[in-house]
Amino acid sequence: MPGPILRLALPSPLRRLFDYLPPAGVPASSLRPGVRLRVPFGRREVIGILVESGEHSEVPADKLKAATELLDGQTPLPESLLRLCQWTARYYQHSLGDTLSWALPVLLRQGEPAEARQEQVWHLAEGASADDPRLARAPRQREALKAIAQHVHGVPQALLGKLQLNRSSLELLLEKGLLRIEIRRCNAPPAPHHGSWLLQPALTFNDEQRIAFEAVRASLGSFHPFLLAGITGSGKTEIYLQLIQAVLEAGKQALVLIPEINLGPQTLARFERRFNARIALLHSNVSDRERLDIWLAARDGEVDIVIGTRSALFTPLKSPGLIILDEEHDASYKQQEGLRYHARDLALVRARQEQVPILLGSATPSLESLHNAHAGRYALLKLTRRAGGASAPRFLRLDVKSRPLDSGISGPLQQAIAQTLQAGQQVLVFLNRRGFAPTLLCHDCGWTSQCQRCDARMTLHQRHSELRCHHCGHVQRQPLRCPDCGKVDLRPVGAGTERAEERLNTLYPDYPVLRIDRDSTARKGSMEKLLATINRGEPCLLVGTQMLAKGHHFPRVTLVAILDADGGLFSADFRASERMAQLIVQVAGRAGRAGEPGKVIIQSHMADHPLLVQLTEQGYFAFAEQALSERRAASLPPFSHLALLRAEAHKPGQAEGFLDAACQQAERLVNEQGLGGIELLGPVPAPMERRAGRYRAQLLLQSNTRPALHQLLGTLLPHMEQLPGGRSVRWSLDVDPIDLF
DNA sequence: AGCACGCCGACT
DNA sequence: GTCGGCGTGCTC
């Protein structure tokens, strides 16, 4: 029997629930977990979510307030979603209320009804035609009919004005039985036509694909994690498609997660070509209203396939059948602010909770996932053959020690590029650094383009005559003379994509150079334009950042040049080599697909670095084994578990002082609770101590076991909320950080 | 977080 | 004289 005390999760960083009395006149039976209630909170009103009911409250009776309104009379939030959020909040040591704020559509947090809205949609009636004799003397009606006929899925009421259709012609057509009105949900994907789920026949599998497909299909209906490790072009997507087909045939829904890049439309198009099904795409440009409508439709089973980026993980499904997470190694699955969750890890939890199989796919799986596969936690499915018989690219490590670099491009590389272009083929030049040059230097007095607010140099963007800080976004005009000594001898140091583009233009004046990075594709449609040019297939040069490495296929590229592999070999970040290897393999995978074998030239000052040798001579999986054994030896993840406490403050030393106090607390707790195998590393100033005008520090907690780490965090955080100075210091916890900066 | 309260510096 | 800076306290 539910008691009179309601325990609510509220949108607040405070890691606890708040007790309320039921709103006046609302029967206790309608107060089920997951309903939203409007409540007074401090001096404002917020929307909370009922987590549980109880008989008693610790809170003194005179402080207890009553909720003002019950928002969800009929349908509470799906229990499965609530459960996932509770797990998430506990794992990431985050407030449940705030976790729900990240997980739910904004409009639900603002009190919008959690019920589907209906709209009227105008359709052409069966057998209706513009040649109907009754329209011979009704030109306006005939035009209106033609306009409606253009829209296969009908015209929603709201769009009539935009199409300049007036109500009266439509009414007359309706009376004549030439139009009909359908009532359907707003923003719901169009209902499938009757008949088969397939619009296009499935492709034929090779043996490896069949084995992988059968393994996952056999596990439909129960929790089972799979790691699909398939080289670029080995046909992973076809496996996804045929598994989804099996899910649709079983009357269930599929959730497909993709990285945060422009792959959404491409993926959607491919799915829409194959399936006669209701497909919804969730990405960052979907409006709040649409997002809510899709959320509701998925919850009600009115969508068959949900495709989306990180946050789509929290889309409720009425009858989930399968979760697919493509490019599972991609860092965009990890949220880097607020609730710092990893969608890949949470997808696993969700799959287990909902008893569905989950398929993680990648050509370059993360070391974490490979480790899980080795440990038997995931079934490993390998695809080693390229479909269509294209051969794997050949790698060439080019030692640039003591070679002159011309805007980052060595002599031998210049020759290789020239040969490729002369052979009528395309070249891809990869450089993971935007702008013209990372620094501007006064040759006379040594001044550099230091950012005012960060411990970093501002990057020269020559095309816009600007210096930009890539860390805080500060922009200023490019100085013509040195701000310190006034001399006119400012020199760009180092090279970014803009400089490489300029140099390549000079070196190969007969061929177009296309730059692809965040700056060149910022305007809508510019990426499509660039891709269209590339796909025409004429010889040209592509220069760009990791944007080039993801998803798109360039069949006419036969030479890939990686200008600088050293960052991945020298960095202090223990994940740098893994990321570099993934990037190299992913970029290499863009080349040589149409029968012509691809060549990949990697410039490095450490051309015989063991990891680079391993990667280029024996492939990604050999590299990964080597990297994993190094991680094991150093007790780094996945052989240990990390949590990172970050703090920042306006005054120097303040953040460090705060973390010092936290560290002492943590030490005490470790001793009190006899927690072994935990190390507290720090606090230390962050690798870039000053950023956006704030001084930053961090404290790393490392543990041999996950339970010990979580036990420590569970007791440490409540103390930290009460630490003095907690208000002038902004701090946050990152469980399983993926970069330590 | 959000929002109020409260106590000290340069401005209409 | 006050407008407003951010330290500190609280939210069932």
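Chain A is the first sequence line, chain B the second, and so forth, proteins listed ahead of strands; every chain is numbered from 1.
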Using a cut-off of 4.0 Å on non-hydrogen atoms, how would the nucleic acid contact of [X] be classed: base, sugar-phosphate, or nothing?
X	answer
A:P40	sugar-phosphate
A:L8	nothing
A:R16	base
A:Y20	sugar-phosphate

In whole angstrom, what separates [X]'s [atom1] from [N]'s [atom2]?
X	N	atom1	atom2	value
A:W102	B:dA1	CH2	C1'	12 Å
A:K63	C:dC10	NZ	C1'	8 Å
A:D19	C:dC12	CG	C1'	6 Å
A:L10	C:dC12	CG	C1'	8 Å
A:L64	C:dT11	CG	P	12 Å
A:R43	B:dG2	CZ	P	16 Å
A:L14	C:dG9	CG	C1'	12 Å
A:E45	C:dC12	CD	C1'	14 Å

Do A:E328 and A:S366 have side-chain atoms, one donor and one acceptor, less than 3.5 Å apart?
->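 Note: A:E328 and A:S366 side chains meet the donor-acceptor criterion.
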Do the rings of A:F658 and A:W731 sit parallel, tilted or perpendicular, given the 30° and 60° boundaries?
->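 The rings of A:F658 and A:W731 sit tilted, inter-plane angle from 30° to 60°.
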Per A:K651 side chain, nearest of listed nucleotides B:dA1, C:dC12, C:dG7 |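 Nucleotide nearest to A:K651's side chain: C:dG7.
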Donor-acceptor pair, side chain of A:K318 and main chain of A:A297, under 3.5 angstrom =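 Between the backbone of A:A297 and the side chain of A:K318 there is no qualifying donor-acceptor contact (under 3.5 Å).
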Kindly say whether the aromatic ring centers of A:H710 and A:Y91 come within a distance under 6.0 Å.
->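 That pair passes the under 6.0 Å test.
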